[in-house]
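So you know, we letter chains A, B, ... as the sequences are listed, proteins then strands, and number each from 1. Note that the structure is predicted; figures quoted are calculated from it, not measured.
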Amino acid sequence: MKEYDHKKIEKKWQIFWEKNGTYHAQNKSKKPKYYSLIEFPYPSGDGLHVGHPRPYIGMDVISRKRRLEGCNVLYPIGWDAFGLPTENFAIKTGKDPRVVTKKNTDTFRRQIKSLGVSFDWSREINTTDPKYYKWTQWIFLQFLKKGLAYKAKIAINWCPKDKTGLANEEVVGGCCERCGTPVEKREKEQWMLAITKYAERLDKDLDDVDYLPQIKLSQRNWIGRSEGAEIDFNIVANRAETFSKTAPSETEGHGTHTFSKNSPLGFAKVFTTRPDTIFGATYLVLAPEHELIQKLKKQIKNWSEVEKYVNEIKNKTDIERTAEDKTKTGVELKGIKAINPANEEEISVWIADYVLATYGTGAIMAVPEHDERDRDFATKYSLPIINKPLVDAREITKKVGGKMVTKFKLRDWVFSRQRYWGEPIPVVHCEKCGIVPVPEKDLPIELPKVKNYQPTDSGESPLANISKWVNTKCPKCKGVAKRETDTMPNWAGSSWYYLRYVDPKNKKIFADKKLLKYWTPVDWYNGGNEHTTLHLLYSRFWHKFLYDQGLVPTAEPYKKRTAHGMILGEGGVKMSKSLGNVINPDEIVKTYGADTLRVYEMFIGPFSQSVAWSTESIIGARRFIEKVWRIGFRVQVSKQKNSSGLTLPGVPGGTHTVQNSSVSKLLNKTIKKVSEDIEDTHFNTAISSMMILATEMEKAEIVRREDYKKFLQILSPFAPHVAEELWSTLGEKKSVNVSIWPTWDKKLIEDEEVKIMIQINGKVRAELMINVDENEESIKRRTLSDEVVMKYLEGREAKRIVYVKNRLINVVV
RNA sequence: GCCCAGGUGGCGAAACUGGUAGACGUACUACCUUGAGGUGGUAGCGCCCGCAAGGGCAUGCGGGUUCAAAUCCCGCCCUGGGCACCA
């Protein structure tokens, strides 16, 4: 018997597929298209670990099944290669990041290829390739043209270790997401992208896509849409202090409002999602940064106290703010009052750190009866807490002259980084003309080679040191000008890469319109949970912008999005270099073969869930493949001596009819199960059902060639090399990849007889074989005359009998 | 604090719409094959009592609904991930 030599077989077929372009997507085809996508990897210097291939294999299973179902499949790969780890490595070693990237991608490519993933390598892209980032820069210029890219002086999150600005999203618990260093606040001019302009649509259009519910939810939570009312509260001089010493009633909070009205000094616009609670508003709070505070300087009696507080808050970093355990602080603005427009009552005005300048209007009406935060504050400063009946939100808003509005938590995207290894932002600063975009014909603005990749403490990119590159001519007036030295964040290149795969070599445009029309949207995008908020949101934003410019044909980039769980180290801890528990797939491929690794990774646990790696369990996958191999050999041998006629298709199996039909029946059930499970990413249960089938086939006296071939077809997405080898051994001239996915015979999977459970008072006591169409009466009769049942009844009458068709019968005594 | 996911044998896990809990795989034990190995094969394997037949107990904990609950409802506990005063 021929040995199962995985090394030989896998190499043979990988060469065959490459030579035949088996997995190349066709730009012109009569077949329906299918675009399946994974998140392209960041080629780190450590190479692949066994966690990387899990999503690649998962989507490979989908892609391979689609091909057999007759689709023209696009399943591409590339490299998301800009970013800090490579740059930091360059700083440490003095090596050019281009060289490092080349080396890393070569390793990744070799490793991924050894797994037999059916990527279309002819469309490989790399975000650091000037031919690629030319278009990243071009898209930026379109944003700029439409006013969606703008420069603003803002307090940014500054990482003193990485020496770069970070987006809000990259700050985790007040620390840099990458290196864990506490971030500082710095005022800097930054490039911004106006993602907030798309907030409404980014939220609403989630209705039209097929994302896992948690993914939609995380998008929605991040966007943070809330509906409420904007209501103006007039600010007046404190009458109580000015005209009367009469103390207002403590409990009711009544002021001296019944007297003639003060003329307002101004007003504070508040945002509330609960205008219906307005009668319970007992004070008003402004954010310390609120502009009204400076305007009312003269009227505020305790100005020095107020000023001191404002400065304190301003100088606090985010960590200091959060480290204080949420104890709210604040100062009353003495000398002024606000008028609650609902009842004309005077209420006190405060500034407090729990009101954010960056959300809503930076001012709130405090309703301590209904809001926990307001209650905390009111309790601390002994402010009135009153319970008033709720009113209709819309009516009261209208009555007090407010209006219903929608607000979002989402902020504009800080798009500048002060680092080297990123796409240069393609603009020029001219003394005369100001900010001038680089003309499109001059793209790409290539990253110049530098000697020193070290970022500077001044907060400038290392690019700023290369005067030859920085000093340039203004494209408009030809006068002296300087290049922008900030680069784009890592998210830029990954915001549109799926579009480039469609037409990766186009020099005229980022992708041909017709090809976009044919291939997009992506039919199924699977990626990590860690990218279901930011990357997904950013790329949806870019896509919608391009859609508005008429450059892409659909409003959403991804039709369907799923997420896979991480593979953890043995024992369920994270796989990491520092813990020394990283498993390199090369070792597994060498010892057990790529097919074994593939089957194991799909079998290890539910695809969507994190699972711990277990090297000792891999052997199960290997045994399964060897079993399939042995059966294949038997089928092969019996084909040669087919004088018995038993293995010829269509010939009834004579004395072996029983075994024949039971294997065929199981096969049909398995085809159904595998077909359905793959669609639900239940790869683990799909494999388990094929394991059962293999065991049955091995036990059976004969296996029909036709049946076995169908088995190979449904196995092929998981173990493509061995399937291909056995397929050809059976005399097939063409690849299993160009065969047709088998269907199951509905009639064959229906059983004529089934076993049902007999329960007595809900406990299983016996079983009974019945005909599927046997009537209830007959089953009941047979149950009651069953020996075991009679024993349990002990002559008692059955109070009730519940029969569940073809499942069980429960006798209640 | 809020949101999401989850809690089932030694381990990874199955279980359709409420209907045989533990499929499949590992580990373990025994046996077979082999000169010897194991990346080979077969069988047993939730826990407790029992030689067995059989019985009892079991899906994080406590209640409830139901003929019947891992699954539905109520209240807790624990683990992982995310958010962090967003009015």
What's the closest nucleotide to the side chain of [X] if the choices are [options]?
X: N684(A); options: rA87(B), rG10(B), rA13(B); result: rA13(B)
X: L808(A); options: rC4(B), rA14(B), rU20(B); result: rU20(B)
X: L217(A); options: rC4(B), rG25(B), rG10(B); result: rC4(B)
X: E698(A); options: rC3(B), rA5(B), rU42(B); result: rU42(B)

Task: From T272(A), T277(A), I278(A), T273(A), residue fulfilling side-chain contact (heavy atoms from CB on, under 4.5 Å) relative to P275(A) - done: T272(A)
Under 4.0 angstrom, heavy atoms only, what part of the nucleic acid is [X] near: base, sugar-phosphate, or nothing?
X: V804(A); answer: base
X: T272(A); answer: sugar-phosphate
X: Y792(A); answer: sugar-phosphate
X: V802(A); answer: base
X: M757(A); answer: base
X: P213(A); answer: nothing
X: N529(A); answer: nothing
X: K763(A); answer: sugar-phosphate
X: R765(A); answer: sugar-phosphate
X: S689(A); answer: nothing
X: N221(A); answer: sugar-phosphate

Does a side-chain N or O from [X] land closer than 4.0 Å to OP1 or OP2 of [N], or not?
X: R623(A); N: rG40(B); result: yes
X: K409(A); N: rC2(B); result: no
X: S617(A); N: rA27(B); result: no
X: Y283(A); N: rA87(B); result: no
X: Y359(A); N: rA87(B); result: yes
X: Q609(A); N: rA13(B); result: yes
X: R800(A); N: rC67(B); result: yes

Task: Donor-acceptor pair, side chain of D371(A) and main chain of D374(A), under 3.5 angstrom - done: yes
Task: Aromatic ring proximity F377(A)/Y354(A), centre distance under 6.0 Å - done: yes
- [ ] Determine, using ring centers only, whether Y600(A) and W613(A) are less than 6.0 Å apart.
- [x] yes
TODO: Report the distance from atom CE of M697(A) to atom CZ of R630(A), rounding to the nearest 0.5 Å.
DONE: 14.0 Å
Task: Euclidean distance, atom CD1 of residue I215(A) to atom C1' of rA5(B) [Å, nearest integer] - done: 12 Å
Open item on the list: Ignoring hydrogens and geometry beyond distance, is the side chain of R220(A) in donor-acceptor contact with the base of rC3(B) at under 3.5 Å?
Closed with: no
